[in-house]
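Keep in mind that this is a model prediction, so the values were computed, not measured. Naming convention: chains lettered A, B, ... in sequence-line order (proteins, then strands); numbering from 1 in each chain. Both backbone and side-chain heavy atoms feed into the values below; hydrogens, waters and symmetry mates do not.
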2 protein chains.
Amino acid sequence: MYFDQDTIRVQLRARQSSTTFAHTLGVVAAAELLAQRYGADSEQVRVAALLHDLARDLETSELLKKAGEYGILVDEIEAREPLILHARVGAAMARHQLGVEDAVVLQAIERHTTGAPGMSLVDSIIYVADYIEPGRDFPGVDEARRAAGQDLDRALLLAMNGTLDHLIRGNRIIHPRTVEARNALLQRLLALKDNRWSGQ
Amino acid sequence: MYFDQDTIRVQLRARQSSTTFAHTLGVVAAAELLAQRYGADSEQVRVAALLHDLARDLETSELLKKAGEYGILVDEIEAREPLILHARVGAAMARHQLGVEDAVVLQAIERHTTGAPGMSLVDSIIYVADYIEPGRDFPGVDEARRAAGQDLDRALLLAMNGTLDHLIRGNRIIHPRTVEARNALLQRLLALKDNRWSGQ
């Protein structure tokens, strides 16, 4: 174990709204189940789930300031929608403020919002758990929950599709990495020659 | 006028299936109305509409071969979904086989499938006409038709959203340019401080 998880919880309560903290505990619960189901390291998954929204409640100005402090290059899309930065800033805070050094954990925190090409097992678990945690209630979430118990990649595709759909309907900017992540996943699924999941 | 449009129609009938040819005539009709409504050059719009699907019925192998002949660099996504190439290959064929030299026309043909950042008036008209032509019948097309009579940018956003939605539901790869095109359009709409169209 890296360090005392009670310490993390105290840190989180101080930094997160009650809504975000409740969501975080839901993600921890969902992620632990997925870690068991798919044989991931439960310690890595738990820490990543606990910390994934560490920077979620920071103001826009604070996100941009911390990005500068941690040497995170802000791209054009992030400059217009700084909220996206909470994933990368959160990973940097976990590393520099809380001393988390495990690259697997830090990467899963970084990737939980846009995803990225080549999602690891832990990346996928955190992304899916964030989408299906018990507090979520929107059309399609139950289908994603069922998929998560059977086929993690299929659940990941549903979560990415649902996230894109949400951004499209809201007329919101889409980070290109979101699409690159989904394209890479489709390529992996195609390479597996497993067409069960495909609507094509 | 560049050249005899009857000649183009003869060329198209020889290269296109009856379905594609009927669709093409629908796009010409819709594009002509939009050209009048928004004050675009009717000649440029008509030629672009006629030729937008010049390469639409080529086989995958033929599309890749012609891309090579015309010096079109095929990216990773196009290599996996060569159908996307019909727009860029079609523009090259219009130029090299039919002698179309007008950059405005060629660009509108090139951009009619993925769109691109910084859509011109003619680009937008062809993209929207392709989406709303009378032969189209899918959920949302009537809303896009109504929008096209009032606000071309809003109709363009609806067409891009609908195109992305279609690709997501079909579990199909999305070309990053599609998302870049939509992000640039959202930025333009935001710069106009016209929030009527926004669902946010």
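Screening residues 10-31 of chain A for ring-ring contact (aromatic ring centres under 6.0 Å, His included) gives H23(A)-H52(A) as the qualifying pairs, with residues at least two apart or on separate chains. Sequence neighbours left out, the pairs with a member in residues 132-156 of chain A that pass ring-ring contact (aromatic ring centres under 6.0 Å, His included) are Y131(A)-F138(A).
No hydrogens or angles considered: a donor-acceptor pair under 3.5 Å links the side chains of Q11(A) and R15(A). Remark: the Q16(A) side chain and the R56(A) side chain contain no N/O donor-acceptor pair separated by less than 3.5 Å. Remark: the D53(B) side chain and the H112(B) side chain contain an N/O donor-acceptor pair separated by less than 3.5 Å.
Interface summary for chain B: among I174(A), V179(A), L185(A), the most heavy-atom pairs under 4.5 angstrom belong to I174(A).
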Indicate every side-chain donor-acceptor pair of residues 26-35 of chain B with a distance under 3.5 Å to a residue at least two apart or in another chain.
| residue | atom | partner | partner atom | Å |
| --- | --- | --- | --- | --- |
| E32(B) | OE2 | R46(B) | NE | 2.5 |

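Salt-bridge annotation for D165(B) and R169(B): present, with a side-chain N of the basic residue lying under 4.0 Å from a carboxylate O of the acidic one.
Residues of residues 58-79 of chain B that come closer than 4.5 Å to chain A, counting heavy atoms only, are E76(B), I77(B), ordered by residue number.
Looking at L158(B), there are no atoms closer than 4.5 Å to chain A (heavy atoms on both sides), in backbone or side chain.
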